[in-house]
Amino acid sequence: MENFEFVSPTHFVFGKGAEEQVGSKLAECGARTVLLHFGGQSAVKSGLIDRVKASLDAQGIKHVELGGVRPNPEITLAREGIALCKEHDVDWVLAVGGGSVIDSAKAIAVGAHYDGDVWDFFETKRPTDDVLPIAVVLTIPAAGSEASKNTVVSNDALQMKSGYANNAQRPKLAFMNPELTFTLPPFQTAAGLTDMFCHLLERFFDDVGAVPVTDNLCLSLMKTVRAEAPRVMVDPENYDARANVMWAGMLCHQGLAGVGRHEDWATHGLEHELSALYPEITHGAGLAVMFPAWMEFVYDANPARFAYYGREVFGLAPTGDVNADALSAIDETRSFFASLGMPITLAELDVEEDDIEKLIPTLKENKGEPFGSFKKLTMDDAREIYRIAL
Ligand code: NZQ
Ligand code: ZN
């Protein structure tokens, strides 16, 4: 097991009616003025934003609103949020939405007390503790940003999508009511399931040997997501299935499922370049295409690890040929994503062979070379993985 540090400061309020406690919990924390940050329309249409505002009003907490976060959030809106925080002396950022809203909120919280441009943090990765506290009302289980230390934001002017990691931007409060996810369109539910499953794959496949305490947690979460996925797809208002998926989505990415390991994250890097170039690509859908392609390219570095994963997660019987077992595990992974209605080729995402060269320079800038852990990858390897995915 590798050395590690693990910080998880999030106070979770989970279950029916959780969002009704937003005002009282923020008041307990001493919040006076919050920036209420949300997405395109779903939370307004469902009446959630009005309920959250009423909960703040009941406690006399002032709120400044900034809606309109798009999926694959963009830095320009975060800059607007930072200006609002400075103008109104905001002391908490409250995100109501999914990974995109939460990540935009994190960028705002990081930039609120900074005199320069917040994009500096995404470029230099420099740490800061001067971050506004963040609260979250989660509406889609997927990215795990409700407890993670990461934010991922696009900069359209630079045609980049970059991450910034800092424990200080982990949300302090997360309100998680599974009923709020009943309205998710099937595609978003499926993309979320794919994303959380991939957060486990990124951790399970690296160059560290067995870490049973971490690996068993990871495998158990994989099995849970796999078992609950058809239940939520078939019956979107199944509270228990939605609740299991929502809590799993947090556990998949808050960090515990990777402690003591190096983790890989090559595939997320490959996907982020796709959704940077084409912001209409949903992160989970991009991962559904890229993960099996990455697996095919790297499995020979340690086929026994893939065979183990196939046995544990998909119940595959060993054939005596470890390479064949590894390939079967990859097939099962692709079939699982396809069973959710996810794409399996780049063509389905309207990405063509000519696009590959456009992805490489920013991939190199974001990830460096070589990158990944399970197998160290060059930019030529990345080109080949994109080609496998075509
Ligand atoms: O904008 P609205 O109208 O709210 O619609 C959203 C959006 O179109 C909709 N939605 C959300 N909750 C809903 C709902 N529709 C109906 N009912 C509800 N209850 O769903 C769409 C997708 O929302 P988004 O926030 O983009 O989804 P997700 O949580 O998958 O976030 C994706 C972003 O997170 C990043 C991704 O790269 C991507 O930019 N990630 C962030 C990570 C992190 N911070 O730790 C890690 C991840 O690996 C990921 O990279
Ligand atoms: Zn992800």
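Indexing begins at 1, ligand by ligand and atom by atom, following the structure's order.
- For P71, no nitrogen or oxygen atom sits less than 3.5 Å from a nitrogen or oxygen atom of ligand 1, counting backbone and side chain alike.
- In this structure, K161 has a heavy atom closer than 4.0 Å to ligand 1.
- Side-chain contact of D195 with H253: a donor-acceptor pair under 3.5 Å is absent, judged by distance alone.
- Of all N, O or S atoms in H283, the one lying closest to the Zn ion (ligand 2) is NE2.
- Near A142, meaning under 4.0 Å from one of its heavy atoms, ligand 1 places the atoms 29 (O), 30 (O).
- Contacts between H268 and ligand 1, counted as non-hydrogen atom pairs separated by less than 4.0 Å, involve the side chain only.
- Residue contacts with ligand 1, taken as heavy atom pairs separated by less than 4.0 Å, involve T183 via backbone and side-chain atoms alike.
- For the side-chain contact (heavy atoms from CB on, under 4.5 Å) with M160, the qualifying choice from T362, L277, I75 is T362, the only one to do so.
- Ligand 1 has at least one atom lying under 4.0 Å from a heavy atom of P73.
- Considering only non-hydrogen protein atoms, atom 28 (P) of ligand 1 sits nearest to G99 N, 3.6 Å.
- Here the closest heavy-atom approach between residue I102 and residue A95 is recorded as CA-CB, 3.9 Å.
- Of all the N, O or S atoms in D195, the one closest to the Zn ion (ligand 2) is OD1.
- Counting only N and O atoms by type, the side chains of T345 and E348 include a donor and acceptor under 3.5 Å apart.
- Looking at S148 against ligand 1, only its side chain comes within 4.0 Å, counting heavy atoms.
- Ligand 1 lies out of reach of E271, whose nearest heavy atom is not under 4.0 Å from it.
- By heavy-atom distance, the residue among H283, H199, Q188, E179 lying nearest atom 36 (C) of ligand 1 is H283.
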Report task. Decide ring-ring contact (aromatic ring centres under 6.0 Å, His included) for F14 and F175; before the verdict, give the C-alpha distance in whole Å, the side-chain angles of both, and the deciding distance to 0.1 Å. Result -> CA-CA 6 Å; F14 190 97; F175 300 88; over 10 Å; no
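- For the residues S42, G144, G39, the heavy atom positioned nearest atom 6 (C) of ligand 1 is part of S42.
- Annotation: K106 places no N or O atom under 3.5 Å from an N or O atom of ligand 1; distance criterion only.
- Cation-pi geometry between K375 and F297 is met: under 6.0 angstrom from the ring centre, within 45 degrees of the axis.
- Within ligand 1, counting atoms from 1 as listed, the ones closer than 4.0 Å to a heavy atom of V152 are 41 (C), 50 (O).
- For the residue pair T10 and K172, no side-chain donor N or O sits within less than 3.5 Å of a side-chain acceptor on the partner.
- Both tests pass for R305 against the ring of F204: distance under 6.0 Å to the centre and angle within 45° of the axis.
- Remark: ligand 1 and S100 share an N or O pair separated by less than 3.5 Å (distance only, no angle test).
- The shortest non-hydrogen separation linking F187 to A285 is CZ-CB, 3.9 Å.
- Here is the list of ligand 1 atoms found below 4.0 Å of a heavy atom in Q41: 2 (P), 3 (O).
- Contact check for E19 versus L180: side-chain heavy atoms found under the 4.5 Å cut-off.
- Salt-bridge annotation for R387 and E353: present, with a side-chain N of the basic residue lying under 4.0 Å from a carboxylate O of the acidic one.
- Here L180 has backbone heavy atoms under 4.0 Å from ligand 1, and that is the only part of it that gets that close.
- Side-chain contact, D91 with T33: no donor N or O sits under 3.5 Å from an acceptor N or O.
- Considering each of D103, V153, N150, L287, the one bringing a non-hydrogen atom nearest atom 41 (C) of ligand 1 is D103.
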